[in-house]
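Order of the sequence lines fixes the chain letters, A, B, ..., with proteins taken first and strands second; residue numbering starts at 1 for each chain.
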2 protein chains.
Amino acid sequence: MSSSPKELWLENQLCFPLYAVSRLMTKQYTPLLEELDITYPQYLVLLVLWQKDDQLVSDISKRLLLESNTLTPLLKRLEQKQLVKRVRQESDERKVLISLTNAGKELQNKAVCIPERLVENIKSEDISAQEVEQMMTTIHKLISTLATTSERLS
Amino acid sequence: MSSSPKELWLENQLCFPLYAVSRLMTKQYTPLLEELDITYPQYLVLLVLWQKDDQLVSDISKRLLLESNTLTPLLKRLEQKQLVKRVRQESDERKVLISLTNAGKELQNKAVCIPERLVENIKSEDISAQEVEQMMTTIHKLISTLATTSERLS
DNA sequence: AACGATTAAATCGTGTACGATATAAATACA
DNA sequence: TGTATTTATATCGTACACGATTTAATCGTT
């Protein structure tokens, strides 16, 4: 069936399954987030702000592992939707503080049901809660390994 | 520290860790793939073709879970790089067969070392091979669950 | 005070992702 | 044999991602 060495098979590489599952998971969120009129990365930013309001672009950047070149336009779109304010700090004009508007705070009420609804959607007989738990533990370890190595490179 | 219910914490949602680890993993590939002058999704397409040459756009689509709206421009870029040919089938003019050029086939020789080099990079004392194995098993189950549910919806 | 180095965001260009729609070919079937 | 339906790919518009660079403000050192 295959001509290539098995190291190069799609399934045997770490990358593809992670890439595929990430995209599929995002697609699960999409219809739920449409009700809030936000995208998935916008939802992540709001999660960060709901947990702690008034954060710098650089704070959000560290949290989501996204650079300003991704965050700046995204935050401008959230500002257009009147969900956040972007205010340049007086004490240090380089920094921009991101704060939730009232609408942004209130959106949290519509969002609280999302995690629950999502878990409902992906429930499967084949996959135990304990198994998912374990996967998450490994992924968190992987993230800290990879995040520090890519930090070292930049 | 936090004002939001813990269901809405970034770390407790399935989505963010999967999203973050996928992007971090892709970044690990980037410098290796630069040597081949291809991007990560282009690499995935080539992996599919190296395993079995001469596949339809729809075959690659099923394999990578990417639609034609993503694949068509990507394949055109691979064609520009002279790595693949795109030939419309005579028997059925709707179908487009994707085949490796000689350069595309030869690129495999430069790619064989990538999986090994990558595993080297992400090796960590905290993470056992068995643990990664287990994570992959769970992720594969998740993918088949999610892929079938999203198929049902479309 | 002066000026090079650092830092925080923003800008730019390229390449995905993907929903929605379009196009054109093949098929079904009345 | 038309004609409605389905299928395979392509096109379009929007929104990320991200490397590279720019801009402007602050810091550090002399």
Side-chain angles (χ1 to χ4, degrees), chain A residues 15-16 19-31 33-34 37-45 55-62 64-81 86-98 147 150-151 153-154, chain B residues 15-16 19-34 37-45 55-62 64-81 86-98 150-151 153-154:
Chain A
C15 57
F16 176 66
Y19 163 80
V21 80
S22 170
R23 286 189 304 112
L24 287 169
M25 197 62 85
T26 303
K27 274 193 193 168
Q28 295 284 318
Y29 279 86
T30 305
L33 295 176
E34 261 170 17
D37 186 33
I38 54 175
T39 66
Y40 177 72
Q42 288 167 13
Y43 172 64
L44 293 180
V45 168
Q55 298 201 54
L56 299 176
V57 174
S58 56
D59 296 329
I60 300 173
S61 166
K62 281 196 194 75
L64 298 181
L65 309 175
L66 289 170
E67 303 297 316
S68 68
N69 52 6
T70 300
L71 285 175
T72 298
L74 191 158
L75 290 167
K76 283 183 178 171
R77 283 186 285 269
L78 282 178
E79 189 182 35
Q80 275 181 1
K81 289 181 203 281
R86 298 166 59 249
V87 180
R88 214 163 263 281
Q89 298 274 73
E90 276 184 44
S91 61
D92 186 340
E93 290 274 351
R94 292 171 304 179
K95 299 180 179 175
V96 172
L97 194 69
I98 309 298
S150 62
E151 211 171 275
L153 296 173
S154 64
Chain B
C15 57
F16 175 67
Y19 164 80
V21 80
S22 170
R23 285 190 302 111
L24 287 168
M25 197 63 85
T26 302
K27 273 193 195 166
Q28 295 284 318
Y29 280 84
T30 304
L32 307 183
L33 294 176
E34 261 170 16
D37 187 33
I38 54 176
T39 66
Y40 177 72
Q42 289 167 12
Y43 172 64
L44 293 180
V45 168
Q55 297 201 54
L56 299 175
V57 174
S58 55
D59 296 330
I60 300 173
S61 167
K62 282 196 195 75
L64 298 181
L65 308 175
L66 290 168
E67 304 296 317
S68 68
N69 51 9
T70 301
L71 285 175
T72 297
L74 190 158
L75 289 167
K76 283 182 179 172
R77 282 187 284 269
L78 282 179
E79 189 182 36
Q80 276 181 2
K81 289 180 202 284
R86 298 165 60 248
V87 180
R88 214 163 264 280
Q89 298 275 74
E90 276 184 44
S91 60
D92 185 340
E93 290 273 351
R94 292 171 305 180
K95 299 179 178 175
V96 172
L97 193 69
I98 309 297
S150 63
E151 213 171 273
L153 296 174
S154 65

What's [X] touching, base or sugar-phosphate or nothing? Going by heavy atoms closer than 4.0 Å.
X     : value
A:L71 : nothing
B:D92 : sugar-phosphate
B:S22 : nothing
A:L56 : sugar-phosphate
B:T39 : sugar-phosphate
A:E67 : nothing

Just N and O in the side chain of [X]: are any of them under 4.0 Å from OP1 or OP2 of [N]?
X     : N      : answer
B:R88 : C:dA26 : no
B:Y19 : D:dC16 : no
B:K76 : D:dT11 : yes
A:R23 : C:dC18 : yes
A:T72 : C:dT11 : no
A:Q42 : D:dC16 : yes
B:R86 : D:dA10 : yes

key: Counterpart residues, ring-ring contact (aromatic ring centres under 6.0 Å, His included), relative to B:Y29 (two or more places apart)   = B:Y40, B:Y43

request  = Find out whether B:T39 and B:L33 are in side-chain contact, i.e. whether some heavy atom of one side chain is under 4.5 Å from a heavy atom of the other.
outcome  = no

ask   = Can you find a heavy atom in the side chain of A:L56 that is under 4.5 Å from one in the side chain of A:I98?
value = no

May I have the distance from [X] (atom [atom1]) to [N] (atom [atom2]), rounded to whole angstrom?
X     : N      : atom1 : atom2 : value
B:N69 : D:dT14 : CG    : P     : 15 Å
B:L65 : C:dG19 : CG    : P     : 13 Å
A:Q28 : C:dC18 : CD    : C1'   : 15 Å
A:Q89 : C:dA10 : CD    : P     : 12 Å
A:Q80 : D:dC16 : CD    : P     : 11 Å

remark   = Result for 5'-nearest mapping on DNA chain D, choosing between A:S68 and B:S58, is B:S58

ask   = Quick one: the side chain of B:R94 and the base of D:dT9, do they pair up donor-acceptor inside 3.5 Å?
value = no

Closest heavy-atom pair and its distance - B:D37, B:K81 = O-NZ, 3.3 Å

